[in-house]
Amino acid sequence: MAAAPAAERTVIENCAIATVDPGDTEYASGHVVIAGTRIESVGAGGAPGDLANVVRRIDATGHLVTPGLVNTHHHFYQWITRGLATDHNLFDWLVALYPTWARIDEPMVYAAARGSLAMMARGGVTTAMDHHYVYPRGTGDLSGAVIRAARETGVRFTLARGSMDRGESDGGLPPDFAVESLDDALAATEATVQEHHDSSFGAMTQVAVAPCSPFSVSTELMRRGAELARRLGVRLHTHGAETVEEEKFCHELFGMGPTDYFESTGWLGEDVWMAHCVHMNDSDIAAFARTGTGVAHCPSSNARLAAGIARVPDMLAAGVPVGLGVDGSASNESGELHTELRNALLVNRLGAHREAALNAREALRLGTYGGAQVLGRAAETGSLEAGKLADLVLWRMDTLAHSSIADPVTALVFGAAAPVTASFVGGRRIVEEGRLLTVDEDAIARSTRDEARRLARIAARD
């Protein structure tokens, strides 16, 4: 039998490296060797000189190499409703925008997903997720459109297949015609998992079960959604404890706070992560730590909607898994995750822990390993270690924006958004000199503009 062909190797040398491994190993000048889809070695100095089948050598002088960024919460469809309801709190913002969102269709969702993914990928995201929960009747294959956009962009992807079954007539916020029935939501979610979820190592597409939030979902959908996810062996995602209004809503409707409500419906556990978790008391944090429930921290969105400051330092001290999220582009118009490194650090220093809240390396860990942990993929990505997937980013640190900051990790987190010279997903280069290689950014800009205008016209007519 003929031997299998040797994996092609890419060698990256002469760069600073922050591995974000368990020991936070760093190299002032080191190398990374990629073999096929995985990292073969990481170390100080130059790469071994006798490597075979090297197809590409990158002299990364002046660069910092880190794991690729991992986004743990987003709503891609909102890319085409950016800049609206800019002075609202969460509930008022939702009431203002739900009537427009309820008019989305497959071409709109596809264009918006391409825009959201392109913006993140060109800024260092190698693993993305989308919590899509608006499924108006008769509007096409919305989940398939999002997954198709992610495959074309070339990022690793989790679709959190959302759902809503509590419309206005049942005391919820979305219009009745924008929600699904309980049975339809569960059936469609199961079908999406069966068609698209890949549980293998290095999977490019995974699916999670993701009812939207306590104020748009019935208790029965929460309970049965959790049962469905565990029967299918996939993760669970939802919004939790985002605002004081949500906490009041839960007490009035369920007679308990959000965390107790989630626990009563089976929604705490190592297979669960929740977005925001801003209003958490000590017992809430202890419950998340005890059960291994993860958190997607979205500092820019929380500030944009005046939701508050999540207790991230306390969560980390308790052992709660925490990653970073962009959140939907209608509450974080930049749509970029690398700016969340800086914002997470700065916003949390406004809280009780002040300057001791987070440092640069803790912020970088949130955006890389922490995110991989929250998505259940820490064995595959999130740090630069031999055997892990070759998901990594080369940040250029020798330009005007960063060259006078001696420590490259400090420069990355505290400084301006750093240019991305290269981004690799599974050893495949998807960004070169700040431009995407997989899709046409200019064409995406045109299509998102056109679909945003079409949606605005439809919403204005109705």
Taking Trp267 for the side chain and Met222 for the main chain, is one N or O donor matched with an acceptor at less than 3.5 Å? yes
Straight-line distance of Asp314 CG to Leu316 CG, nearest 0.5 Å: 9.0 Å
With distance as the sole test, does Ser116 use its side chain to make a donor-acceptor pair with the main-chain N or O of Ala113 at under 3.5 Å? no
Does a side chain donor of either Tyr261 or Thr219 reach within less than 3.5 Å of an acceptor in the other side chain? yes
Can you list the residues that meet the side-chain contact (heavy atoms from CB on, under 4.5 Å) rule with Pro408, with sequence neighbours excluded? Ala16, Leu64
Residues 85-96, side-chain donor-acceptor partners within the protein, below 3.5 Å, at least two apart:
unit_1, atom_1, unit_2, atom_2, d
Asn89, OD1, Phe91, N, 3.3
Asn89, OD1, Asp92, N, 3.0
Trp93, NE1, Ala330, O, 3.2

Shortest non-hydrogen separation from Leu142 to Pro136 and the atoms involved: CD1-CD, 4.1 Å
When rounded to the nearest 0.5 Å, the distance separating CD1 of Ile147 from NE2 of His197 is 11.0 Å
Among Asn343, Asp327, Thr72, Asn348, which residue meets the side-chain hydrogen bond (donor to acceptor under 3.5 Å, both in side chains) test with His297? Asn348
Would you indicate whether the side-chain heavy atoms of Phe262 and Met274 approach each other to under 4.5 Å? yes
Contacts of Arg377 that satisfy side chain to side chain donor-acceptor pair (under 3.5 Å) - sequence neighbours left out: Glu380
Mind checking whether Val320 and Ile285 have side chains closer than 4.5 Å, heavy atoms only? yes
Can you tell me if Arg235 uses its side chain to pair, donor with acceptor, with the backbone of Val374 under 3.5 Å? yes
Give a yes or no on this: more than 12 heavy atoms of other residues, nucleotides or ligands lie within 6.0 Å of atom CD of Glu270. no
Stepwise, does the side-chain contact (heavy atoms from CB on, under 4.5 Å) test hold for Tyr27 with Val42? CA-CA 9 Å; Tyr27 303 101; Val42 184; 4.0 Å; yes
Are the side chain of Arg38 and the backbone of Gly387 linked by a donor-acceptor contact shorter than 3.5 Å? yes
Quick check against the 3.5 Å criterion: does His31 have a side-chain atom that pairs as donor or acceptor with the backbone of Gly45? yes
Going through the distances and angles, do Thr126 and Leu392 end up as a side-chain contact (heavy atoms from CB on, under 4.5 Å)? CA-CA 7 Å; Thr126 56; Leu392 54 92; over 6 Å; no
Ala390: partners by side-chain contact (heavy atoms from CB on, under 4.5 Å), with sequence neighbours left out: Ile34, Ile39
Pair Ser181-Asp183, side-chain donor/acceptor within less than 3.5 Å: no
Any side-chain heavy-atom pair from Thr238 and Val217 closer than 4.5 angstrom? no
Strictly by ring-ring contact (aromatic ring centres under 6.0 Å, His included), give each pair with a member in residues 313-333 just once, sequence neighbours left out. none
Any luck finding a side-chain donor-acceptor pair between His73 and His75 under 3.5 Å? yes
What distance separates Thr259 OG1 from Leu268 CG, expressed to the nearest 0.5 Å? 7.0 Å
Starting from the C-alpha separation in whole Å, work towards a yes-or-no answer on side-chain contact (heavy atoms from CB on, under 4.5 Å) for Ser423 and Arg122. CA-CA 8 Å; Ser423 183; Arg122 70 197 295 271; over 6 Å; no
Just to verify, what does Arg166 make a salt bridge (Lys or Arg N to Asp or Glu O under 4.0 Å) with, not counting sequence neighbours? none
Side chains of Trp395 and His402 in contact at under 4.5 Å (non-hydrogen atoms): no
Can you measure from SG (Cys212) to NE2 (His131) and round to the nearest 0.5 angstrom? 5.0 Å
I would like to know whether Phe288 and Met280 meet side-chain contact (heavy atoms from CB on, under 4.5 Å); could you show each step before the answer? CA-CA 10 Å; Phe288 272 54; Met280 302 266 284; 3.6 Å; yes
So do Arg361 and Thr410 actually touch side chain to side chain, heavy atoms under 4.5 Å? yes
Which of Leu389, Leu375, Val155, Thr158 passes side-chain contact (heavy atoms from CB on, under 4.5 Å) with Thr127? It is Leu375
How many angstroms lie between atom CD of Glu252 and atom CD of Glu245, to the nearest 0.5 angstrom? 11.0 Å
For Phe414, ring-ring contact (aromatic ring centres under 6.0 Å, His included) partners two or more places apart: none
Taken in chain and number order and not counting sequence neighbours, the residues that satisfy side chain to side chain donor-acceptor pair (under 3.5 Å) with Arg148 are none
Using atom types as modelled and distance alone, determine if a side-chain donor or acceptor of Glu152 lies under 3.5 Å from a backbone N or O of Val439. no
Residue among Glu180, Glu190, Glu195 satisfying salt bridge (charged side-chain N to carboxylate O under 4.0 Å, His left out) with Arg161: Glu180
Could you work out, with ring-ring contact (aromatic ring centres under 6.0 Å, His included) as the rule, every residue matching Phe76, not counting sequence neighbours? His74, Phe157
Go through the steps for Arg156 and Asp198 under the test salt bridge (Lys or Arg N to Asp or Glu O under 4.0 Å), then give the verdict. CA-CA 11 Å; Arg156 216 170 294 287; Asp198 180 357; over 6 Å; no
Without swapping roles, check the side chain of Arg365 against the backbone of Asp21 for a donor-acceptor pair under 3.5 Å. yes
Please check if the side chain of Glu26 supplies one atom and the backbone of Ala18 the other of a donor-acceptor pair under 3.5 Å. no
Less than 3.5 Å apart, any donor N or O on the side chain of Glu385 or Thr19 sitting next to an acceptor on the other? no
Do Ser143 and His196 have side chains that approach each other closer than 4.5 Å (heavy atoms only, starting at C-beta)? no
Between Asp176 and Ser169 (side chain of the first, backbone of the second, donor and acceptor by atom type, cut-off under 3.5 Å), is there such a pair? yes
Say whether, by atom type as modelled, one donor and one acceptor occur between the side chain of His276 and the main chain of Gly240 under 3.5 angstrom. no
Pairing residues for Tyr135 by the ring-ring contact (aromatic ring centres under 6.0 Å, His included) criterion, not counting sequence neighbours: His132
Across all chains, not counting sequence neighbours, the side chain to side chain donor-acceptor pair (under 3.5 Å) partners of Glu333 are Arg304
Validation row: Phe424, Ile430 side chains within 4.5 angstrom (heavy atoms): no
Quick one: list whatever passes side chain to side chain donor-acceptor pair (under 3.5 Å) with His63, sequence neighbours left out. Thr421
Taking the side chain as every heavy atom from C-beta outward, state whether His279 and Val244 have any atom pair closer than 4.5 Å. yes
How long is the gap from OG on Ser334 to CD on Glu340, to the nearest 0.5 Å? 6.0 Å
